[in-house]
Amino acid sequence: MSSKLQRAIGPCPRRRSTSIVEGPKSVMATKKSVGSLKEADLKGKKVFVRVDLNVPLDDQLNITDDTRVRAAVPTIKYLMGHGAKVILSSHLGRPKGVTPKYSLKPLVPRLSELLGVKVEMANDCIGEEVEKMVVAIPDGGVLLLENVRFYKEEEKNDPDFAKKLASLADVYVNDAFGTAHRAHASTEGVAKYLKPAVAGFLMQKELDYLVGAVANPKRPFAAIVGGSKVSTKIGVIESLFETVNVLVLGGGMIFTFYKAQGYSVGSSLVEEDKLDLATSLLEKAKSKGVSVLLPTDVVVADKFAADANSKIVPATSISDGWMGLDIGPDSIKSFSEVLDTTQTIIWNGPMGVFEFEKFAAGTEAIAKKLAELTGKGATTIIGGGDSVAAVEKAGLADKMSHISTGGGASLELLEGKPLPGVLALNDA
Ligand SMILES: Nc1ncnc2c1ncn2[C@@H]1O[C@H](COP(=O)(O)OP(=O)(O)OP(=O)(O)O)[C@@H](O)[C@H]1O
Ligand SMILES: O=C(O)[C@H](O)COP(=O)(O)O
């Protein structure tokens, strides 16, 4: 095989039919058809809305990325417009007890601005004071409860705590896709005590793309999986084997695959205990008829730092003392050529250490390619977490078909794990 060519294991992309009924494990594990907000009677009703306002804050408590706040707006505006009394609940961070730096107060100005109303804020999420504030919400008004994780009962999914949350409202709406993989009191438990319990618009959109498009994709269907470690992506890779035609691998995980094949990887990131697994994953791909593409060239560095010396070398012969931190230009070219032939692409995990400018080219090039293909009619789905950060950094977020607000949740969904926050909702 020429070093100019991608290392392709398995045959070329081929068409396969996958129906929702016969679909892969990932489709069967969670349901796509959940009760809709549009069917609920909302006028004058107290609606408990679980949103995911777990956003990054800087040291001055400024929001550094408001994507999740903006994503929560359509559901809240719909509820306001239909005369509901909106009770917003979220977590922020992973506090152990009441912790001021994890208060949701810094969210109030941005929420008020986006919703065009003064959002009221409670100092707690249950109790008498909160109950009084709920009674005072006008039709179409919005009350934000304090961080629900200030109570340890939240993460324990304590039934009494869930009942207390439920007692505040008449209707439950879960729009917190980012937290749908957690069986917590506000994401799962509360749904047992409030009927109807329905999905918000963001939740529905995430499920439509991540379950719908993946179950029934326009083909050829490619998955691009990158990021640092194979170990965190085994489940998703194996699950995608059931449905994709092409699997493109990048990021730090590729060196475990190369080392497993006996190539020299220098001091690149390698998970020594996953070498056999890497070999068996490639064999499995072959048996499933999935084409696996690994980079042929990489950008290597003499240290893990933004100002490291760098050079481009074949991916299969990295000298001692050098580590691969990005895919190289030949790989970008051949990955792009293959992606050009595909109709649906899901991307999870960056191609390199995109946080360092010198090693961001591979990730940026893939982001640009996906933006271009979206413009030509392909469906492009960015699976959350660092890939989303990279697409945002490249200013291309609005050029993709769907950007998931859930890193962990989207991975678990693609891995075929059930999402408790979705399963708890009423069927459609
Ligand atoms: N060649 C590499 N060597 C070391 N680290 C790498 C390399 N390529 C990418 N990374 C790092 O991988 C990290 C992301 O990996 P991770 O496995 O956490 O992906 P992820 O966050 O799960 O992706 P996503 O969130 O998009 O699902 C980034 O911080 C990036 O710097
Ligand atoms: O950011 C996330 O992935 C969600 O908000 C869930 O947060 P958690 O991982 O702390 O449960």
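Whatever order the structure lists ligands and atoms in, that order sets their numbers, starting from 1.
- Ligand 2 places these atoms under 4.0 Å from at least one heavy atom of Arg149: 7 (O), 8 (P), 10 (O), 11 (O).
- The aromatic rings of Tyr78 and Phe201 sit perpendicular, their planes meeting at an angle over 60°, well past the 30° parallel limit.
- Closest heavy-atom approach to atom 3 (O) of ligand 2 among the candidates Arg182, Glu155, Arg68: Arg68.
- Of all protein heavy atoms, the one lying nearest to atom 29 (O) of ligand 1 is Glu355 OE2, 2.5 Å.
- Short contacts between ligand 1 and Lys233, defined as distances under 4.0 Å to a heavy atom of the residue, involve ligand atoms 17 (O), 19 (O), 20 (P), 22 (O), 23 (O), 27 (O).
- Considering Val388, Leu269, Asp386 only, the shortest heavy-atom separation from atom 18 (O) of ligand 1 involves Asp386.
- Contact atoms of ligand 2 toward Asp52: 4 (C), 5 (O) (distance under 4.0 Å to a heavy atom of the residue).
- Separation of the Phe359 and Phe354 ring centroids does not fall under the 6.0 Å cut-off.
- The Asn348 neighbourhood of ligand 1 comprises atoms 24 (P), 27 (O), with distances under 4.0 Å to a heavy atom of that residue.
- Scanning all protein heavy atoms for the shortest distance to atom 4 (C) of ligand 2 gives Gly178 O, 3.3 Å.
- Here Asn147 contributes atom CG and Lys105 contributes atom NZ; the two are 10.5 Å apart, rounded to the nearest 0.5 Å.
- No donor-acceptor distance shorter than 3.5 angstrom exists from the side chain of Asn309 to the backbone of Asp302, with no hydrogens or angles considered.
- Looking at atom 5 (N) of ligand 1, its nearest protein heavy atom turns out to be Val353 CG2, 3.6 Å.
- Note: Met400 CE to Trp347 CH2 = 6.5 Å, rounded to the nearest 0.5 Å.
- Remark: side-chain polar atoms of Ser264 are not paired, donor with acceptor, to backbone N or O of Gly266 under 3.5 angstrom.
- When ring centroids are compared, Phe304 and Phe356 come within the 6.0 Å threshold.
- Ranking the protein heavy atoms by distance from atom 7 (O) of ligand 2 puts His91 NE2, 3.3 Å first.
- At least one side-chain heavy atom of Leu294 sits under 4.5 Å from a side-chain heavy atom of Phe257.
- Listed by number with element, the atoms of ligand 2 under 4.0 Å from a non-hydrogen atom of Asn54 are 1 (O), 2 (C), 4 (C), 5 (O), 7 (O).
- Distances from ligand 1 to the non-hydrogen atoms of Gly352 include at least one value under 4.0 Å.
- Against a heavy-atom cut-off of under 4.0 Å, Leu325 is close to the following atoms of ligand 1: 1 (N), 3 (N).
- In terms of protein heavy atoms, atom 24 (P) of ligand 1 is closest to Gly384 O, 3.2 Å.
- Which of Gly408, Ser387, Ser228 comes nearest to atom 16 (P) of ligand 1 through a heavy atom is settled by distance: it is Ser228.
- Within the 4.0 Å heavy-atom shell around ligand 1 one finds Gly324.
- Proximity of a side-chain donor or acceptor of Asp427 to a complementary backbone N or O of Val34 within less than 3.5 Å is not detected.
- The shortest heavy-atom distance from Gly407 to ligand 2 is not under 4.0 Å.
- Ser401 places a side-chain N or O within 3.5 Å of a backbone atom of Thr380 that can act as its donor or acceptor partner.
- Lys46 is listed as a side-chain neighbour of Val134, based on a closest heavy-atom distance under 4.5 Å.
- In terms of protein heavy atoms, atom 7 (C) of ligand 1 is closest to Gly252 N, 3.3 Å.
- Between the CE atom of Met133 and the NZ atom of Lys85 there is a distance of 14.0 Å, given to the nearest 0.5 Å.
- In this structure, of His181, His184, Arg94, the residue bringing a heavy atom nearest to atom 10 (O) of ligand 2 is Arg94.
- Those atoms of ligand 1 with a heavy atom of Gly227 less than 4.0 angstrom away are 12 (O), 14 (C), 15 (O), 16 (P), 17 (O), 19 (O).
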